[in-house]
There are 2 protein chains.
Amino acid sequence: MASKILIVEDDTNAGLLLQSFLTSEGYQAKLALNVKTGLQSFLGDVFSMCILDCSLPDGDGFGLAKEIRLRNEHVPIIFLTARSLLDDKIRGFQSGADDYITKPFETFELLYKIKAILRRSQVQVSGVTDSCFKIGSYLFDPKNQTLSSGEVVRRITAKENEILKLLCLKKNQITRKDEILIALWGESDYFKGRSLDVFIAKLRKYFANDSTIEIENVHSVGFILSDGGIS
Amino acid sequence: MASKILIVEDDTNAGLLLQSFLTSEGYQAKLALNVKTGLQSFLGDVFSMCILDCSLPDGDGFGLAKEIRLRNEHVPIIFLTARSLLDDKIRGFQSGADDYITKPFETFELLYKIKAILRRSQVQVSGVTDSCFKIGSYLFDPKNQTLSSGEVVRRITAKENEILKLLCLKKNQITRKDEILIALWGESDYFKGRSLDVFIAKLRKYFANDSTIEIENVHSVGFILSDGGIS
DNA sequence: GAAGAACGTTAACGAAACGTTAAAATGTTG
DNA sequence: CAACATTTTAACGTTTCGTTAACGTTCTTC
C-alpha cells in the first residue's frame with residue numbers, strides 16, 4: 001500500500017507539481033491550500049508524512065505543525081521554506097519538524113529526504129496505518145475503538161467496534177447477518193438477531209451527520225456499509 | 001546518559017570545533033580523522049549517530065557509510081558536504097544517510113537536525129531501552145521506579161511500576177486488561193482484575209495534580225493513559 | 001392488498017464492570 | 001519477631017453496556 005503524504009502549500013503551481021511528482025514516484029499525495037483545509041485533511045485520514053509550506057494565507061506552517069503534533073506525536077513533518085533563513089529553520093524544528101527544504105528545490109533531493117525519513121519512521125506508522133478505515137468523512141480505528149470526524153473523537157463500545165469492523169472489511173458488499181451473529185455471539189437465533197438490529201441502529205446514528213454513509217439492509221440476508229466516495 | 005556521536009572529519013580545525021560544540025551541548029563526541037580510524041572507533045563503541053565528512057584522506061564518507069550500514073542497519077548518519085552538489089547529496093542518501101549538511105554550516109542548524117533525528121530514532125527503540133517516559137508534567141523512570149514532577153521525586157512500588165510501564169508503551173492507545181494481567185500475574189481471573197483496578201486507582205492519585213493526564217477505562221477491554229494529545 | 005415476517009428505533013432493566021476506600025494478608029527488613 | 005511496606009481481598013456505591021420489550025414501519029408472498 002502506498003504511503004500517503006499530505007502537502008499543504010498555497011502556491012497552486014508548486015503544489016500541483018509536487019503532488020504529481022510524488023504520485024509518479026508511487027506515493028499517494030493529498031494537496032491542501034491553507035491551514036484550515038490542511039488540518040481538516042489531516043484529521044480525515046491517516047498520513048505517513050506531512051510537507052508544509054512555511055507561509056500560508058491563513059496562518060503559517062509552524063502553527064499547523066504544532067496542531068498536527070498535538071494530535072499525532074510521531075508523524076514526520078518537513079517544512080518548505082522560501083528563504084533559507086536560519087530563523088525559519090529553527091522555528092520549524094521547534095514546532096516539531098523533522099527536516100526542511102529550501103525552495104526552489106531539486107525534486108530528487110526532496111525524494112531522498114522523504115525516503116530517508118520514511119525508512120526511519122516506517123516501523124512506527126505501520127502498526128497504526130493498516131488498521132484504520134476511512135468511512136466517508138469519518139475515520140474508524142478498530143484498534144482503539146474510536147470513530148473520529150474532524151476534531152470529534154468518539155469512543156465506541158466493544159460490540160459496536162466488532163460489528164463495524166466486519167462491515168468495513170466488506171465495504172460496499174453484503175455482510176451476512178448470520179456471519180456477524182456467529183462471529184460475535186457464537187450462535188444465530190431470533191434474540192441475537194434483534195440485538196444486532198439495535199447495534200445497527202446505533203451505528204447509523206453515529207454516521208447521521210454524513211449523508212453519504214449508509215448502512216442498508218438486504219432483507220433477510222444482511223447489511224451493506226457504503227459511502228459514496230472513493231476510499 | 002549522554003548520546004554518543006561519532007565525527008569523522010579530516011580537517012582538524014573543523015572537527016575539533018564541532019566536537020567541542022557538541023560536547024558543550026551535552027553530547028559525548030568522538031572525533032576520528034579518516035575512514036580507517038573512523039570505522040575502528042565505530043566498531044569499538046556504541047554510537048547514537050555518525051557525522052561523516054564526504055571527502056576523507058583514505059577514501060570517502062560514502063564508502064564508510066556503507067561499511068557502517070553493513071554493521072548497523074539503524075544508526076543515523078549525517079553527511080558533511082563541502083559543496084552543495086546534488087550529486088553528492090544523492091550519493092549520500094544512496095549510501096544510507098539520513099541527512100546531510102553543507103559546509104560552512106550554522107552550528108544551531110546542525111544541532112536541531114541532530115535533535116530531530118535522535119528524537120525519531122529514540123522513539124523506535126523505546127520499546128527496548130528502559131529510557132524515561134514523559135507523562136504530562138511528570139517524568140517516569142521505570143528503571144529506578146520513580147515518578148518525578150519538578151523537584152518532587154516519588155518512588156513507586158514494583159507492581160505500580162510494571163503497570164505504568166505497560167501503559168506508557170501504548171500511550172494514547174488501549175492497553176488490554178488481560179494483557180496486563182497475564183504479564184504481571186500470569187493469569188487473568190476476577191480477583192487479579194480487581195487488584196489491577198486498585199493499582200489503577202493508585203496511579204490516578206499520583207497524577208491527580210496534572211489534569212491533562214488521564215487513565216481512562218474502556219469498558220471490559222482495558223485502559224488508556226493519555227496526556228492531552230488526542231489519540 | 002392483506003397477512004406475516006423482517007426490520008427500525010427508542011426506552012427500560014438488570015447484570016457485569018468499574019472506582020474507591022479500608023481492612024486483612026502477605027512479604028521484607030532490621 | 002516487630003515494624004513497616006506492599007499486595008490482595010472485601011465491601012459498597014456508581015456507571016456502563018447489552019439485552020429485551022414494545023410499537024411502528026417496510027418488505028415479501030400469496
Side-chain angles (χ1 to χ4, degrees), chain A residues 142 144-147 154-167 174-209 211 213-226, chain B residues 142 144-147 153-167 174-208 211 213-226:
Chain A
N144 283 320
Q145 284 185 208
T146 54
L147 199 59
R154 149 175 277 142
R155 172 151 280 119
I156 62 179
T157 72
K159 278 243 156 68
E160 289 163 3
N161 191 62
E162 290 307 304
I163 294 170
L164 187 53
K165 209 195 311 186
L166 290 177
L167 292 174
I174 295 180
T175 310
R176 299 186 61 84
K177 223 170 48 167
D178 45 3
E179 200 177 299
I180 302 177
L181 293 174
I182 296 293
L184 266 87
W185 284 274
E187 54 184 330
S188 165
D189 62 13
Y190 169 79
F191 286 108
K192 310 299 179 199
R194 291 327 320 274
S195 218
L196 175 55
D197 290 335
V198 175
F199 283 111
I200 293 290
K202 280 184 187 168
L203 289 176
R204 285 200 182 109
K205 244 184 192 171
Y206 296 158
F207 291 120
N209 283 332
S211 60
I213 304 173
E214 267 184 322
I215 303 181
E216 306 171 56
N217 170 257
V218 181
H219 200 83
S220 73
V221 179
F223 297 94
I224 300 176
L225 168 67
S226 62
Chain B
N144 291 320
Q145 280 185 215
T146 55
L147 196 59
V153 179
R154 146 176 279 144
R155 166 152 278 113
I156 64 178
T157 73
K159 280 244 154 69
E160 289 164 2
N161 191 62
E162 290 306 303
I163 293 171
L164 187 53
K165 207 195 314 186
L166 289 177
L167 291 174
I174 296 178
T175 310
R176 300 190 68 82
K177 224 170 41 171
D178 45 1
E179 201 177 296
I180 303 177
L181 293 175
I182 296 294
L184 266 87
W185 284 274
E187 55 184 330
S188 166
D189 61 16
Y190 170 79
F191 286 107
K192 311 297 180 199
R194 287 334 313 277
S195 216
L196 174 55
D197 289 335
V198 174
F199 283 110
I200 293 289
K202 280 184 186 169
L203 288 176
R204 284 201 182 110
K205 256 185 188 167
Y206 295 159
F207 291 119
S211 62
I213 304 174
E214 267 185 320
I215 302 182
E216 303 172 59
N217 170 256
V218 181
H219 199 86
S220 74
V221 177
F223 297 94
I224 298 174
L225 169 68
S226 63

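Proteins come first, then strands; the chains are lettered A, B, ... in the order of their sequence lines, and each starts at number 1. Bear in mind that the values here come from a model prediction, so they are computed numbers and not experimental data.
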Which nucleotide, dT9(C), dT9(D), dC27(D), lies nearest any side-chain atom of Ala201(A)? dT9(C)
5'-most contact on DNA chain C: Val198(B) or Val221(B), nearest heavy atom basis? Val221(B)
In this structure, how many angstroms lie between the C1' atom of dC17(D) and the CZ atom of Arg154(A), rounded? 15 Å
Write down the distance between CG (Asp189(A)) and C1' (dT19(D)), rounded to a whole number of angstrom. 12 Å
Once you apply a heavy-atom cut-off of 4.0 Å, does Phe223(A) come out as touching a base, just sugar-phosphate, or nothing? sugar-phosphate
Using a 4.0 Å heavy-atom cut-off, does Lys205(A) contact any base of the nucleic acid, only the sugar-phosphate backbone, or nothing at all? sugar-phosphate
Between Asp189(A) and Lys192(A), is there a side-chain N and carboxylate O pair less than 4.0 Å apart? no
Nearest-Å distance for atom pair NZ/P, residues Lys202(B) and dT6(D): 9 Å
Counting only side-chain heavy atoms from C-beta out, which of dT20(D), dT9(D), dT8(D) sits nearest to Phe199(B)? dT8(D)
Closest non-hydrogen atom pair, Asp178(B) against Ser188(B): CB-OG, 4.1 Å
Rounded to the nearest angstrom, tell me the gap between atom CG in Leu203(B) and atom C1' in dG19(C). 14 Å
Is any NZ, NE, NH1 or NH2 atom of the basic residue among Lys165(A) and Glu162(A) found under 4.0 Å from an Asp or Glu carboxylate oxygen of the other? yes
If every non-hydrogen atom of Lys177(A) is compared with every non-hydrogen atom of Leu196(A), which pair is closest and at what distance? CG-CD2, 3.5 Å
Arg194(A) (side chain) and dG18(D) (base): donor-acceptor pair under 3.5 Å: no
For atom CG of Asp197(A) and atom P of dA22(D), their distance in whole Å: 17 Å
Is the shortest side-chain N/O distance from Trp185(B) to OP1 or OP2 of dT8(D) below 4.0 Å? yes
For dT7(D) and Thr157(B) - does any side-chain N or O of the residue sit under 4.0 Å from the phosphate oxygens OP1/OP2? yes
Categorize Asn217(B) for me: base, sugar-phosphate, or nothing, with a 4.0 angstrom heavy-atom threshold over every strand shown. sugar-phosphate
Across the strands shown, which category fits Lys177(B) at heavy-atom distances under 4.0 angstrom: base, sugar-phosphate, nothing? sugar-phosphate
To the nearest Å, give me how far apart CD1 (Ile200(A)) and P (dG18(D)) are. 14 Å
Interatomic distance, Leu196(A) CG vs dC7(C) P [rounded to whole Å]: 9 Å
Respond yes when some side-chain nitrogen or oxygen of Ser195(A) is under 4.0 Å from OP1 or OP2 of dT19(D), and no when none is. yes
Is the backbone of Val218(B) close enough, under 3.5 Å, to the side chain of Arg155(A) for a donor and an acceptor to pair up by distance? no
Candidates dT20(D), dT28(D), dC17(D) - which lies nearest the side chain of His219(B): dC17(D)
